[in-house]
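See structure below.
If you're wondering where the values come from, they're calculated on a predicted model, not measured in any experiment. Ligands are counted one by one from 1 in listed order, and the atoms in each one are counted from 1 as well.
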Amino acid sequence: MKLIEKIADLREEIKRFKREGKIIGFVPTMGYFHEGHLSLMDIARKRSDVLVVSIFVNPIQFGPNEDYNRYPRDLKRDLKLAEERGVDIVFHPDNREMYQENFQTYVNVEKLTKGMCGKYRPGHFRGVTTVVAKLFNIVQPDIAVFGQKDVQQAIVIKRMVGDLNFPVEIVVGPVIREHDGLAMSSRNTYLNDEERKQAPMIYKALKVAREKVKMGNRDAAKLKEIIESTIATAPLARIEYVEIVDDENLEPVSEVKPGTLAAVAVWFGKTRLIDNIYLMER
Ligand code: PAF
């Protein structure tokens with residue numbers, strides 16, 4: 001496995017692989033790997049000849065009062081895990097390599113970024129789409145894999161790829177959960193013992209709603225209420241949003257139908273957790 005820090009060096013490698021007709025798989029990450037990241041690498045590994053993983057904590061997708069500085073980082077551990085998972089190249093640029101002085105070009109997906117996380121994290125998705133567009137231009141992958149846990153991000157990226165004609169297939173890997181149902185996230189490491197104990201209530205609430213749908217309840221307002229009241233049984237939980245939306249346009253729905261998702265953001269202390277579930281599969 002190679003560790004590459006410079007764009008020019010990665011381009012050289014990619015050029016060679018492209019000449020040889022190799023299929024390039026790509027998993028963009030901010031590092032601090034857990035089984036969620038590694039499962040995305042497994043998916044990409046199966047679909048490609050060369051697997052590239054980027055590790056870059058992208059400053060422009062964090063708001064001024066967010067956790068950019070304290071975001072967990074452990075390159076040495078990440079490199080070991082990536083190698084074990086069969087990664088060929090880890091691309092680990094620094095901020096100066098990615099954002100040269102006077103950087104001023106951004107990619108913005110307009111409508112899909114207005115609601116849900118976009119409402120509470122202004123500028124976040126603009127930072128994500130900009131860095132992902134840059135990474136796609138640098139890595140030139142044939143397929144790229146993103147996680148369903150960040151469902152709005154995955155949908156926004158698919159839109160960007162369609163709208164800007166990036167020649168890459170976007171694959172979405174399932175949410176990977178801890179044994180008690182908590183969706184895996186690098187941010188789970190911020191939780192103290194009591195917060196960690198209560199955080200699985202998020203997934204419990206989503207499952208309760210899905211059960212209600214199976215029993216015939218299609219009323220989105222009622223289901224939203226059920227999710228909110230179930231999460232509220234965890235005393236430390238502070239709900240930011242609960243949304244029942246269509247998985248293509250992310251617009252709220254009034255009745256559950258195929259493709260309806262329940263998506264939530266909940267704070268436990270200083271930690272913001274997100275999760276989602278299909279109330280009805282497409
Ligand atoms: O999901 C993430 O880790 C990040 O948002 C991404 C896609 C790597 C862009 O920085």
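At a cut-off of 3.5 Å, with distance as the only test, a side-chain donor of Tyr190 or Asp67 sits close to an acceptor on the other residue.
Annotation: side chain of Val145 is not in contact with side chain of Phe26 (no heavy-atom distance under 4.5 Å). Counting only heavy atoms from C-beta outward, the side chains of Arg126 and Val109 never approach each other to under 4.5 Å.
Protein heavy atom closest to atom 9 (C) of ligand 1, with residue, atom name and distance, is Gln61 OE1, 3.3 Å. Closest to atom 3 (O) of ligand 1, if we only count protein heavy atoms, is Met30 CG, 3.6 Å.
The aromatic rings of Phe33 and His37 sit tilted, their planes meeting at an angle between 30° and 60°.
Of the options His124, Gln153, Lys134, the smallest heavy-atom separation from atom 5 (O) of ligand 1 is shown by Gln153.
At distances below 3.5 Å, not a single donor-acceptor pair connects side-chain atoms of Asp88 with backbone N or O atoms of Val52.
Only backbone heavy atoms of Thr29 (N, CA, C or O) come within less than 4.0 Å of ligand 1; its side chain stays farther off.
Taking every non-hydrogen atom of Val131 and a distance limit under 4.0 Å, the qualifying atoms of ligand 1 come out as 9 (C), 10 (O).
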